[in-house]
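Structure provided below as structure tokens; questions to follow.
Every value quoted in this text rests on a predicted model; they were computed, and no experiment measured them. Scope of the values below: all heavy atoms of this structure, side chains included, with no hydrogens, waters or symmetry mates. Positions are given from 1, in the same order as the sequence printed here.
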Amino acid sequence: MSKDTSLHVHLMNTIFQLCELAAYFLEALICYFFIQLFFPEKAKGKFSFFLLSGVLLLTLQLADSLHVYPFLVTLWFVFYICMTTVLIFHVDVFYAVSLVSFYILCVYIIDFFCISVMGVFLKNQQFAQMVIAQLSQWRLVYQAADKLLLTGAYFLARKAFRRELAYNPRMMFLTSGLGLCGVGFLSWLTIQETSLHALFGWSMCIILLFLIYFLLLFYSKYVGEQKQRLALELKEQMIDREYDLMVRQQQEQEELSHDMKNHLLVLSSMIGEGKMTEAETYLERMGEPLRQLEMMVWTGNPVLDVLLNNARSSAAKKKIRFTIQADALTLGDMEDRETCSLFSNLLDNAVEAADRVEKGDRWITVKMRKAGDMIFIELSNSMTGRPSVKDNRLVTTKREGTGHGLGLKSAERVVEKYGGSLVCEYGDGVFTVLVSFLEGLRDLS
């Protein structure tokens, strides 16, 4: 063998090995991105995906130089991905194993599907043995087609699953385990003879993968709807409790107002008899009831005034500046519970958002104006960051599902019932809700 031929062979072997390492790197990288579809909020930044894939590549290169048995290399690949998944996504080991095993199943199916297609196209029944056993130009073509298909499958899945995926890890692990057993047998048959029968088998596997993806999609949608329904029920329960509290406060106010004339008669009698010390003691005992009577009347609507005063008190405790500019309002046929649902949601959201502002001015401004039959309500508050928006609608930013998005849905239902409109605006650290009844509140009688 001439020197030029030897150099050419060495160069080709180097290229083949680099391509093999690149294929391993891409498989590991796509695996991390695939797992992120299930936990989009747990991995901060994608640099760690590239870094960990690079470290894995170095360990595989070391294993290759030490001539480690290929099966052990594959086991190390799976173990490394599982352990790093636990670290960067902060999930249970079983969750990581179930997802990685499913990803490995997908990779094997795509690998042998490509091998079968190329073997049938080239009419070479030993094609699988050729590309697996030795480095060659055909193996490069196979690797390129295989990784292109794997990348395409990931982007297709990412486009289909735009929200966080829900899944049952036990069912996923069981599916992956059974699938890998079946794939192992089918891959053995394919290595023995790359034929149309093998291609048909792998095509069925691809179809099964699509079915699993659709099942994941429907299951995630079902779980999401269940969570939202439970969150709405929780929100309604919170509103009911707030309404009951408001009713009790009103009753206490009425009782205190009724008793006040008796207190004044007692004080007048003590002062008339010159019992100044007793009168002062009596006044001190009346201090707490008198403070409870410090209810500002903003609109003349008892329910709305209680909600405004409660929100104002809550904001004061959190050191949030609360400003109210209101005209006298009548809310027509709107029931007290609906008034509570509408305004408690808006006011609670405003207090929570302003409270999350760590630096700068923390404030809330409520404006209620009446012009003829028209009613305009503007509620603004300071905020940090930007609200989450999906399909031009605000969505909750809380994992328990009781944030701005759900509260605004409840408020919007009440507004629409009475012929009004609710519009949200945000920018420059300010969030504003505009509620308007241009023709007054719809008469439901």
Side-chain angles (χ1 to χ4, degrees), residues 16-17 19-31 34 56 60 63-64 67-82 97-154 156-157 171-213 215:
F16 292 152
Q17 290 173 357
C19 290
E20 288 293 310
L21 292 174
Y24 272 119
F25 178 84
L26 189 59
E27 280 186 4
L29 187 63
I30 293 176
C31 184
F34 170 76
L56 175 61
L60 294 177
D64 182 66
H67 304 291
V68 177
Y69 190 63
F71 179 72
L72 294 178
V73 174
T74 302
L75 286 180
W76 165 247
F77 180 93
V78 174
F79 175 79
Y80 179 90
I81 294 291
C82 288
V97 171
S98 64
L99 285 174
V100 174
S101 60
F102 181 71
Y103 175 76
I104 296 298
L105 173 64
C106 296
V107 169
Y108 266 99
I109 290 175
I110 292 174
D111 284 352
F112 279 92
F113 175 75
C114 287
I115 289 175
S116 299
V117 169
M118 294 180 68
V120 170
F121 179 76
L122 295 173
K123 298 179 181 180
N124 184 351
Q125 295 185 348
Q126 305 304 315
F127 184 78
Q129 295 181 19
M130 181 182 70
V131 297
I132 292 174
Q134 60 185 356
L135 299 175
S136 63
Q137 292 179 350
W138 279 117
R139 182 172 174 83
L140 287 184
V141 175
Y142 147 71
Q143 288 279 24
D146 174 59
K147 296 307 173 280
L148 185 63
L149 188 59
L150 180 62
T151 304
Y154 161 72
L156 183 65
M171 186 60 67
M172 181 77 80
F173 182 77
L174 180 62
T175 302
S176 302
L178 294 175
L180 286 170
C181 290
V183 163
F185 177 72
L186 188 56
S187 61
W188 178 80
L189 293 178
T190 305
I191 292 172
Q192 299 303 312
E193 182 181 357
T194 309
S195 62
L196 278 172
H197 295 90
L199 178 58
F200 177 78
W202 292 112
S203 299
M204 290 299 99
C205 290
I206 292 290
I207 293 173
L208 285 175
L209 279 183
F210 274 105
L211 289 176
I212 292 173
Y213 276 128
L215 286 174

Between Ser176 and Leu105, the two heavy atoms sitting closest are CA-CD2, 4.1 Å

**Q.** Residue pair Leu56 / Phe25, side-chain heavy-atom distance below 4.5 Å
**A.** no

Heavy-atom closest pair (Ala23 atom, Gln143 atom, distance to 0.1 Å) is CB-OE1, 3.7 Å

So OG of Ser98 and CG of Leu174: to nearest 0.5 Å the spacing works out to 11.5 Å

One pair to check against side-chain contact (heavy atoms from CB on, under 4.5 Å): Gln192 and Gln125. What are the steps and the verdict? CA-CA 8 Å; Gln192 299 303 312; Gln125 295 185 348; over 6 Å; no

- Message: Does any part of the side chain of Leu189, heavy atoms only, come nearer than 4.5 Å to the side chain of Phe185, both counted from C-beta?
- Response: yes

Quick note, salt bridge (Lys or Arg N to Asp or Glu O under 4.0 Å) partners involving residues 130-146, not counting sequence neighbours, are Glu20-Arg139

Rounded to the nearest 0.5 Å, the CG atom of Leu180 sits from the CZ atom of Phe102 at a distance of 10.5 Å

Taken in chain and number order and not counting sequence neighbours, the residues that satisfy ring pair (Phe, Tyr, Trp, His ring centres under 6.0 Å) with Tyr80 are Trp76

Residue set satisfying ring pair (Phe, Tyr, Trp, His ring centres under 6.0 Å) with Phe173, at least two apart, ordered chain then number -> Phe94

Throw together a table of side-chain donor-acceptor distances under 3.5 angstrom for residues 199-210, partners on residues two or more places apart or in other chains.
unit_1: Trp202; atom_1: NE1; unit_2: Thr190; atom_2: OG1; d: 2.7
unit_1: Ser203; atom_1: OG; unit_2: Leu199; atom_2: O; d: 2.8

Heavy-atom closest pair (Ser187 atom, Gly184 atom, distance to 0.1 Å) is OG-O, 2.7 Å

Side-chain polar contacts of residues 106-116 - donor-acceptor pairs under 3.5 angstrom, sequence neighbours left out - could you list them?
unit_1: Ser116; atom_1: OG; unit_2: Phe112; atom_2: O; d: 2.8

d(Phe79 CZ, Thr74 OG1) to nearest 0.5 Å is 15.0 Å

query: Does Phe34 have its ring centroid less than 6.0 Å away from the ring centroid of Tyr103?
result: yes

Taken to the nearest 0.5 Å, the spacing of Leu60 CG from Leu21 CG works out to 7.5 Å

Rounded to the nearest 0.5 angstrom, the CG-OG1 distance for Leu156 and Thr151 is 12.5 Å

Checking side-chain contact (heavy atoms from CB on, under 4.5 Å) for the pair Val78/Ile104: CA distance, chi angles, key distance, verdict?
CA-CA 8 Å; Val78 174; Ile104 296 298; 4.1 Å; yes

So does Tyr24 have more than 12 non-hydrogen atoms from other groups sitting under 6.0 Å from OH? no

The complete set of salt bridge (Lys or Arg N to Asp or Glu O under 4.0 Å) pairs with one or both residues in residues 175-185, sequence neighbours excluded, reads none

